[in-house]
Amino acid sequence: MGEIYRVRRSAGPIDWVVEVPGSKSMTNRALLMAALADGRTALRGVLFSDDSRNFLGSLQALGFQVEIDEADKTVTVEGLNGRIPVAEGEIYVGSAGTAARFLTAMLAMAEGTFVVNASEQMKKRPMKPLFEVLGCMGADITCLEREGFLPVRIRGIGGRLPAHERCHLKLDISESTQFLSALLLVSPMVKQGLCIEITSERRDGAYIRITRRMMGQFGAAVDFDGVSYTIQSGTAYQPGCCQIEPDVSAACYFYAAAALTGGRAVVRHVTRDCMQGDLRFLDLLAQMGCTVSDTPDGIEVRGAAGGRLKGVTVDMKDFSDQAMTLAALAPFADGAVRIGNIGHIRLQESDRIHAIVTELTRLGISCEEEQDAVTIYPGMPKPAVVQTYDDHRMAMAFALVGLRVDGIGIADPMCCRKTFEDYFDVLDRLTDQ
């Protein structure tokens, strides 16, 4: 069966002050923009995990000068104003959806021929809408194993777009907003400007807003009229310094622990000014009976006495990374918890809706699975080993159940290396207190 992490039940309400790694989403966006800027950019608070190391390794394989100091959580990148240092090469993006989508788009805009390879997990995740729009722009993309999926060989556009006409594209982002973020992030490589018309019902999202705000910090404005995203001609990234925010997605596991145990958790440097969409999970915890406060160290969550939680019905489309965290809390609520509008999470690291239902059922909890939703009913989980499907969020979220219930094990705990490699070490230190 492999390695199993045995969760230690909390003896009472927790009182934790925690520091979490930098944001994966912001780290990988900043790395791409630094590589495309004209000059030297220093990134601080960088996340070091499987995903970010695969992104860094890919930039190095493409010939970029990258200086890395993991102890200091800093990276310096020498950008070449949209030029790739080599004209041919191969990169490995691992299981990182951001690296897969962002770097594929970058290489499609470049001059040369490149191969993008990936883990078996990433080879199953959708890429076709991005391939199609890049093909419409003139990139030659050949799927090397299965149509519409990685790995691929890319012959880039290399300046072959018409010199004086703004490029107009149509894009469906119903399967992943990363397709749009990828095109926006590489848009300064399209010197005549770019207009992206969104054809799907979903046209915006939390991670798209992060992309736009970070592009603005690097000097590249994106206009959005409710249907189309427009980047003006001559747009370029400016080098400089960028501070990566702490990962709010990771912080939410500790806030959820406070909710479960009726305790207190503060995550250092997480504030209401953070641009990450998962801050909305804090409003959800308040709705379920927790108290959320600002402190000089960071946002604090206090759970209701006895870990009492209220049942809720919630649309989690814009902060769906926390669907598994809410699923871990749901059995302890006083009524049903319905998590809706999350059909797209079936196409992520695992089929997350099915994984939630399968593992809660293993724990003896009654659930109803829908195509884009799940309803979870109250009950006391029974001891079991939770399977994690090589999905970091399943591992980290479902470990929380063990804070209230004896006998909970987490299979393959080190899949959390994707974003938070010492998560279970941190959990051990905290539960030792």
Side-chain angles (χ1 to χ4, degrees), residues 7 9-16 18 206 248-267 270 272 276-295 298-342 345 352-353 355-357 359-361 363-370 372-382 386 393-394 396-405 408:
V7 187
R9 182 176 178 178
S10 178
I14 67 163
D15 188 0
W16 293 350
V18 192
V248 175
S249 300
C252 286
Y253 303 122
F254 302 102
Y255 291 138
L260 266 182
T261 65
R264 166 185 177 268
V266 175
V267 183
V270 172
R272 291 288 182 181
Q276 297 161 70
D278 278 7
L279 274 179
R280 290 183 59 184
F281 187 69
L282 298 176
D283 299 328
L284 178 58
L285 290 179
Q287 187 180 343
M288 297 179 77
C290 299
T291 302
V292 181
S293 307
D294 297 322
T295 78
I299 292 175
E300 172 193 86
V301 170
R302 289 181 182 266
R308 293 191 302 272
L309 295 165
K310 299 174 184 177
V312 290
T313 295
V314 57
D315 181 332
M316 293 193 79
K317 177 181 71 174
D318 255 2
F319 58 118
S320 61
D321 277 348
Q322 296 309 316
M324 285 137 292
T325 317
L326 179 56
L329 299 180
F332 305 99
D334 62 7
V337 170
R338 186 176 189 276
I339 308 170
N341 210 358
I342 54 170
I345 74 173
R352 286 177 165 171
I353 294 178
I356 286 169
V357 171
E359 297 313 307
L360 285 177
T361 301
L363 295 172
I365 301 301
S366 178
C367 307
E368 293 177 5
E369 178 177 352
E370 303 171 41
D372 69 344
V374 60
T375 302
I376 303 163
Y377 295 96
M380 182 53 64
K382 65 183 183 182
V386 174
R393 300 215 180 276
M394 283 295 296
M396 292 187 283
F398 273 73
L400 298 171
V401 176
L403 297 177
R404 284 276 295 263
V405 177
I408 300 299

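Arg302 meets the side chain to side chain contact (heavy atoms under 4.5 Å, CB included) test with Arg264, Thr291, Glu300; sequence neighbours excluded.
Contact detail for Leu400 and Tyr253: the closest heavy-atom pair is CD2-O, 3.3 Å. Shortest non-hydrogen contact noted between Phe281 and Ala256 is CE2-CB, 4.3 Å. Nearest heavy-atom pair across Gly303 and Cys290 is CA-SG, 4.0 Å.
Here Ile356 contributes atom CD1 and Ile342 contributes atom CD1; the two are 5.5 Å apart, rounded to the nearest 0.5 Å. Once rounded to the nearest 0.5 Å, the distance linking CH2 of Trp16 with OH of Tyr255 reads 13.5 Å. Between the CZ atom of Phe319 and the CG atom of Leu279 there is a distance of 11.0 Å, given to the nearest 0.5 Å. Here the SG-CD distance, from Cys252 to Gln276, works out to 9.0 Å after rounding to the nearest 0.5 Å. Taking CG of Leu282 as the reference point, atom CG of Leu285 lies at 6.0 Å (rounded to 0.5 Å). With rounding to the nearest 0.5 Å, the separation of CZ in Phe398 from CG in Leu363 is 7.0 Å.
Residues Asp283 and Met288 fail the side-chain proximity criterion, which asks for heavy atoms closer than 4.5 Å.
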If you look only at distance, which donor and acceptor atoms sit under 3.5 Å apart when one is on a side chain in residues 322-337 and the other is two or more places apart or in another chain?
| unit_1 | atom_1 | unit_2 | atom_2 | d |
| --- | --- | --- | --- | --- |
| Gln322 | OE1 | Thr325 | OG1 | 2.6 |
| Gln322 | NE2 | Ser249 | O | 3.2 |
| Gln322 | NE2 | Asp278 | OD2 | 2.9 |
| Asp334 | OD1 | Gly311 | N | 2.9 |

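Using modelled atom types, no side-chain atom of Arg9 and backbone atom of Leu403 make a donor-acceptor pair closer than 3.5 Å. At least one donor-acceptor pair closer than 3.5 Å links the side chain of Arg404 to the backbone N or O of Leu260. A donor-acceptor contact shorter than 3.5 Å is absent between the side chain of Glu368 and the backbone of Thr375.
By the 4.0 Å N-to-carboxylate-O rule, Arg280 lies too far from Asp315 to be salt-bridged with it. Checked for salt-bridge contact, Arg338 and Asp372 miss the test: no charged N lies under 4.0 Å from a carboxylate O.
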